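Notes follow once the structure below has been shown.
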Amino acid sequence: MTQSTLINRRHMLAGSLVIGAGTIAAPRMAFAAAPGERNVLFAMLRGAADGMAMLAPVGDPNFAKLRGTHLGEYENARKADGFFAIHPAFESIGAAYGAGEAAFVHATATSYRERSHFDGQNLLETGATAPYATTEGWLNRLTALIASEHGSGMPKALAIAPTVPLALRGPAPSSSYAPSNLPEASEAFIDRVSRLYGADKQLGELWSQALSTREMAGDDTLRNLRDAKAAGELAASLMREKNGARIAMIDLGGWDSHANQPGQFRRQAGQLDTLLGAYKAAMGTAWDNTLVMVVTEFGRTAALNGTNGTDHGTASAAIVTGGTVKGGQVIADWPGLGESQLYQARDLKPTISLESVLAGAVAGHMKIDAKRSMDHLFPGRETNPLTGLIRA
């Protein structure tokens, strides 16, 4: 099939269907390939979420010195490992922790040590050792690795977003699905497009997969992803069925808390908690075979700034939850919050590689060799993948 053929067909459907080399994007539709049983949902908190607000180290005497005005948030909060307190907005996450289905990893960071959102997110999504070193995402490599390890077809990979994020881009098939403000395509239009592409092997297969994804999403009334409960239910509807996505990614922005952090963080944490709670409930029995990883590009400063917020930092916390997770634990090599213990005298010092967390979690969950997972997903690292997050 030639590029000119694609362009001609695109003009025939201008405004309703966008076609590019190898992919199709239609309102409320998406496509990719292949079955499987275990699910991975990767949630990225864009803006640098504060790990010390997620999981407050109340047992460290220097926490009160650095953030004394925030201590009231944690007076009646659920405790974790006796040393930490889970932010009270994390009701569903806290309940999952108590039920042994959620774990935290603290003082974790990628190998990035600067404080640019764009560079930090690029490195986290590509899995490279430096920003912009590659245009291929680590989740895309994961789809190929799963197929290689298990001798199967490529697992279906899907972004719950208007476009495919960098973490899913690469040679392995991936696609995106998002609510749209555009008018819903009529059944007559869908039928005409189906007949138009029916004789074309490549576009016919992609169109069929798009319709399948549309059907799985159901008759939702979403026009965007701002409704956290509905977004969680939508994600589950696209993953829980046998022919659904096995690997999915969702973006959650708004975590850059330079001013008035308590209120802003509470709102964002509440949205995240609602989304994950709705996702778990809607997954049903598929939750038993699901892994959810919640991460951010870097953390915040240990001390508050002059506007009751925090600035760009280094280490943060990650949340790992799901039916296969060995929960009820905090994994941390706590560095301390004394001035001499902080990274560059200002940030929580990273002591656990975030790449090792991701590689170890997906290896255990997907039954992949752990070293191969680390080497393939995050090449160029000398650290070992983190174990102990997934039940045997």
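This one's a predicted model, so the numbers in the text were calculated from it and none came from an experiment.
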Please report, to 0.1 Å, the donor-acceptor pairs under 3.5 Å made by any side chain of residues 104-111, with sequence neighbours excluded.
unit_1: His106; atom_1: NE2; unit_2: Gly51; atom_2: O; d: 3.3
unit_1: His106; atom_1: NE2; unit_2: Leu55; atom_2: O; d: 2.8
unit_1: Thr108; atom_1: OG1; unit_2: Ile352; atom_2: O; d: 3.0
unit_1: Thr108; atom_1: OG1; unit_2: Leu354; atom_2: N; d: 3.3
unit_1: Thr110; atom_1: OG1; unit_2: Tyr112; atom_2: N; d: 3.2
unit_1: Ser111; atom_1: OG; unit_2: Arg381; atom_2: NH2; d: 3.4

Flag yes if more than 12 heavy atoms outside Lys79 fall under 6.0 Å of its NZ atom; otherwise flag no.
yes

Give a yes or no on whether a salt bridge exists between Glu73 and Arg266, defined as a side-chain N under 4.0 angstrom from a carboxylate O.
yes

Look at the side chain of Asn308 and the backbone N and O of Pro262, then say whether any donor-acceptor pair between them is shorter than 3.5 Å.
no

Would you say Leu139 and Ile390 are hydrophobically clustered, going by side-chain heavy atoms of ILVMFWY under 4.5 Å?
yes

Chi angles and distances behind the side-chain contact (heavy atoms from CB on, under 4.5 Å) call for Ile250, Leu275
CA-CA 11 Å; Ile250 190 165; Leu275 187 152; 3.9 Å; yes

For the side chain of Arg141 and the backbone of Phe378, is there at least one donor-acceptor N/O pair under 3.5 Å apart?
no

Using the rule given for salt bridge (charged side-chain N to carboxylate O under 4.0 Å, His left out), can you reason through Asp311 versus Arg346, listing the C-alpha separation, both sets of side-chain angles and the distance that settles it, and then say yes or no?
CA-CA 10 Å; Asp311 298 318; Arg346 53 167 276 161; 6.0 Å; no

Stepwise salt bridge (charged side-chain N to carboxylate O under 4.0 Å, His left out) test for Arg113 and Asp119:
CA-CA 10 Å; Arg113 291 293 177 271; Asp119 292 358; over 6 Å; no

Angle class for the Trp334/Phe84 ring planes (parallel below 30°, perpendicular above 60°, tilted otherwise)?
perpendicular

Using the salt bridge (Lys or Arg N to Asp or Glu O under 4.0 Å) criterion, which residues pair with Asp251? Sequence neighbours excluded.
Arg46

Do the rings of Trp255 and Phe265 sit parallel, tilted or perpendicular, given the 30° and 60° boundaries?
perpendicular

Could you tell me whether Glu149 atom CD has more than 12 heavy atoms of other residues or ligands within 6.0 Å of it?
yes

Using the rule that Ile, Leu, Val, Met, Phe, Trp and Tyr join whenever any side-chain heavy atoms are under 4.5 Å apart, tell me whether Tyr177 and Val40 fall into a single cluster.
no

Does any N or O in the side chain of Thr383 come within less than 3.5 Å of the main-chain N or O of Ser353, such that one atom is a donor and the other an acceptor?
no

Let me know which of Thr274, Asp273, Ile86 forms a side-chain contact (heavy atoms from CB on, under 4.5 Å) with Glu91.
Asp273

Do Gln264 and Ser257 meet the criterion of a side-chain donor-acceptor pair at a distance under 3.5 Å?
no

